[in-house]
Each structure stands twice: as structure tokens, then as C-alpha cells.
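Report on the following structure.
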Amino acid sequence: MDRAMTVTTAIDEGGLAHVTLRRGEAGNAIGLETARGLLDAARACERGSVRAVLLTAEGKSFCVGGDLREFSKLSGEALEKHLIAVTDALHEALRTFAALDAPMVAAVQGAVAGAGIGLAAAADVTLAADNASFTAAYTAIGYSPDAGVSWFLPRLIGPKRALDLLLTNRRTSASEAAELGLVSRVVPAGQLLAEAARTAADLLRGPTAALGATRRLVADGLTSPLGPHLDREARALAAAAACAEGREGVAAFLGKRAPDFTRAASGTPGT
């Protein structure tokens with residue numbers, strides 16, 4: 001399997017990175033090459049002038065989790081080594097995406113299970129088609145979570161609800177996922193990609209440095225005491241205000257015009 005074909009990345013001139021899972025015939029199951037493909041995609045975003053990331057998947061399902069057919073070919077120590085290689089690549093991809101200033105939008109449809117939940121939860125804005133359903137699935141096959149699922153779920157929906165989903169593996173509809181806080185909102189399946197693209201385009205035009213600082217502040221604030229977190233907020237605000245995007249935002253507000261953060265980021269002042 002060519003990992004370059006399991007996940008593709010295209011960065012357009014405006015700085016929008018289109019990351020697409022392309023194993024639709026296999027439910028976009030994550031094996032070693034797909035995990036490495038995601039890491040390649042994350043590193044491409046890290047190297048490129050990316051202002052937003054749009055994560056989508058081909059086929060009926062967003063991601064059904066790990067590639068159990070691949071895993072079942074191995075056993076014992078060989079299986080353990082293989083799964084460590086898969087999770088090492090997948091987890092480094094998640095860490096790399098999280099470290100970007102560029103926010104991520106995910107569009108999920110159909111079955112979202114196992115590591116697919118981790119990918120959906122890792123996005124800053126997650127849009128779910130009304131035909132999407134979510135199942136943790138790990139303990140149903142005797143596995144424990146990966147892809148940050150045991151980290152994201154308690155923070156998004158609370159530890160009690162997270163354990164309900166992780167231990168019982170009950171299927172959760174798109175509407176319930178939105179009520180729980182696992183996804184941002186639900187849209188009709190036929191409008192999913194268009195709405196996700198519109199959302200990513202809106203973020204693309206935003207102040208990337210401030211968006212990145214905001215992403216990190218929210219993540220850090222979940223585990224940080226108030227005092228140190230207030231200090232981080234103060235430093236982040238000062239840095240954002242002093243940068244070109246911050247100056248453009250204030251100038252636009254005072255000038256009663258729309259800000260042009262993309263030109264500010266390139267060093268060209270707005271008009």
C-alpha cells in the first residue's frame with residue numbers, strides 16, 4: 001500500500017490545507033501506512049504557509065478505527081511492535097496538528113469509530129453529517145483507546161459520559177454527539193463538505209497567530225491553575241496585539257472597515 005495514496009494533502013495558494021483520507025473502500029481504517037500518511041500530512045502543514053486545515057474522508061464512513069484486517073495478520077511480539085509503530089506515527093501526527101497556529105475543521109460522515117473519534121475530537125471545529133454515528137469500539141474487541149480518545153473525550157463531554165461511551169461501546173447519533181459536545185454541530189449530509197469548506201475559509205481569513213494562541217490557551221486552561229493561566233493569557237494577548245495581524249485588526253476597527261488579516265500576515269498593510 002502506498003501511504004501517499006492513503007492520505008493526500010493539497011495546500012492552496014490561500015493557505016488552506018486539504019487533508020483527505022482516501023481509503024473509502026476500507027472505511028478509512030487506520031493501518032501503518034495510513035498513520036504514516038497522516039503524519040506526512042501534518043508535517044506538510046507544519047512546513048507550509050498554512051492558515052487553516054480541512055480534514056475530510058472519502059467514502060461512506062469518515063473512519064472506522066484501526067485496520068483490524070491488517071492487525072489480525074500478526075500476533076504476539078510482532079503485533080505489539082506493529083501497533084506501537086502505528087500509534088507512534090498517528091500520535092505524532094496529532095501532536096503536530098495541535099502545535100500549528102492554523103485551526104483544523106473536520107467533516108465527518110457515516111461510521112466514526114475508535115481512532116476516527118480521536119481525529120474528529122482533535123479538530124477545533126467538527127461538523128457531523130446527520131447520518132454520522134459514533135462508537136468507541138475499543139473494549140468491544142479487547143483493546144484500550146488510542147488516538148487521544150481517552151484524553152479528548154473526558155475534556156469534551158466529562159469523565160462519566162466518556163466512560164459510558166468507552167466501556168459500553170454504545171452507538172451515539174450525530175444529534176446526541178452534538179448535545180454531548182463531541183461535535184460542534186450537525187448539518188445535512190448533502191451539505192457537509194460545502195459547510196466545512198465555508199467554515200475553513202472563514203477561519204482562513206482570520207488572524208492566524210491569535211487563533212493559534214487561543215487554541216493553546218483553551219487546551220492549557222483545562223489543566224492549568226488559574227494564576228499561571230492568567231499570566232499566559234497576558235503574554236499571549238500582548239504578543240497578538242503587537243504583531244501585524246493585531247495592528248491590522250485594531251486599525252480596521254477604528255477605521256470602520258473589514259480587517260484583512262491575510263495581507264497583514266504577508267507584511268502588506270490593509271487599506
Side-chain angles (χ1 to χ4, degrees), residues 1-12 16-48 50 52-74 78-100 102 104-124 126-129 131-138 141 143 145-149 152 189 192-193 196-197 200:
M1 185 186 304
D2 182 358
R3 75 171 181 250
M5 297 305 297
T6 65
V7 182
T8 59
T9 306
I11 302 174
D12 66 26
L16 176 60
H18 299 261
V19 178
T20 308
L21 303 178
R22 294 199 179 276
R23 295 192 68 207
E25 77 289 347
N28 295 302
I30 298 178
L32 182 56
E33 294 310 311
T34 305
R36 288 174 172 171
L38 281 165
L39 179 53
D40 289 344
R43 287 174 172 167
C45 292
E46 186 179 43
R47 292 190 303 269
V50 171
V53 179
L54 176 58
L55 176 63
T56 60
E58 291 184 343
K60 295 181 178 179
S61 296
F62 174 70
C63 176
V64 298
D67 190 340
L68 300 185
R69 292 187 183 277
E70 177 179 299
F71 303 161
S72 67
K73 296 175 182 178
L74 302 169
L79 176 59
E80 289 187 18
K81 289 182 177 178
H82 186 77
L83 287 175
I84 288 173
V86 172
T87 53
D88 279 352
L90 177 58
H91 292 176
E92 185 60 24
L94 290 171
R95 280 190 286 265
T96 304
F97 280 126
L100 298 174
M104 178 188 286
V105 176
V108 305
Q109 77 280 2
V112 186
I117 291 180
L119 291 176
D124 302 290
T126 304
L127 305 184
N131 66 2
S133 64
F134 301 79
T135 312
Y138 291 105
I141 58 170
Y143 281 26
D146 70 342
V149 171
F152 287 117
L192 176 65
L193 293 181

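Position 1 is the first residue of the sequence, and the numbers go up from there.
Here the straight-line distance linking atom CG of D88 with atom CG of D146 works out to 11.0 Å at 0.5 Å rounding. Distance check: H82 NE2 to K73 NZ gives 9.5 Å after rounding to the nearest 0.5 Å. Interatomic distance, L127 CG to L193 CG, rounded to the nearest 0.5 Å: 10.0 Å.
For the pair S61 (side chain) and A111 (backbone), a donor-acceptor distance under 3.5 Å is present. In this structure, the side chain of H18 does not engage the main chain of L55 through any donor-acceptor pair within 3.5 Å. Counting only distance, with no hydrogens or angles, the side chain of N28 and the backbone of F62 share a donor-acceptor pair below 3.5 Å. At least one donor-acceptor pair under 3.5 Å links the side chain of Y138 to the backbone N or O of A115. Between the E92 side chain and the R36 main chain, no donor and acceptor come within less than 3.5 Å of each other.
The side chain to side chain contact (heavy atoms under 4.5 Å, CB included) test with L21 is passed by exactly one of T8, T6, I30, L38: L38.
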- Task: Kindly determine whether L119 and L94 satisfy side-chain contact (heavy atoms from CB on, under 4.5 Å), including the steps that lead there.
- Result: CA-CA 8 Å; L119 291 176; L94 290 171; 4.0 Å; yes
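The aromatic rings of F71 and Y143 lie parallel to each other, with less than 30° between the two planes, well short of the 60° mark.
Of all non-hydrogen atoms in C45 and F97, the two that sit nearest each other are SG-CE2, 4.0 Å. A120 and V112 get closest at one heavy-atom pair: CB-CG1, 4.4 Å. In terms of heavy atoms, L54 sits closest to A197 at CD2-CA, 4.0 Å. Across all their heavy atoms, L16 and A200 have their closest contact at CD1-CB, 3.8 Å. Counting all heavy atoms, side chain and backbone alike, G110 lies closest to N131 at N-OD1, 3.3 Å. Taking all atoms of both residues into account, the shortest heavy-atom contact from A29 to T34 is O-OG1, 3.6 Å.
Remark: R43 does not engage E46 in a salt bridge, criterion side-chain N to carboxylate O under 4.0 Å.
R23 is listed as a side-chain neighbour of D67, based on a closest heavy-atom distance under 4.5 Å. At a threshold of 4.5 Å between non-hydrogen side-chain atoms, the residues T9 and D40 do not count as touching.
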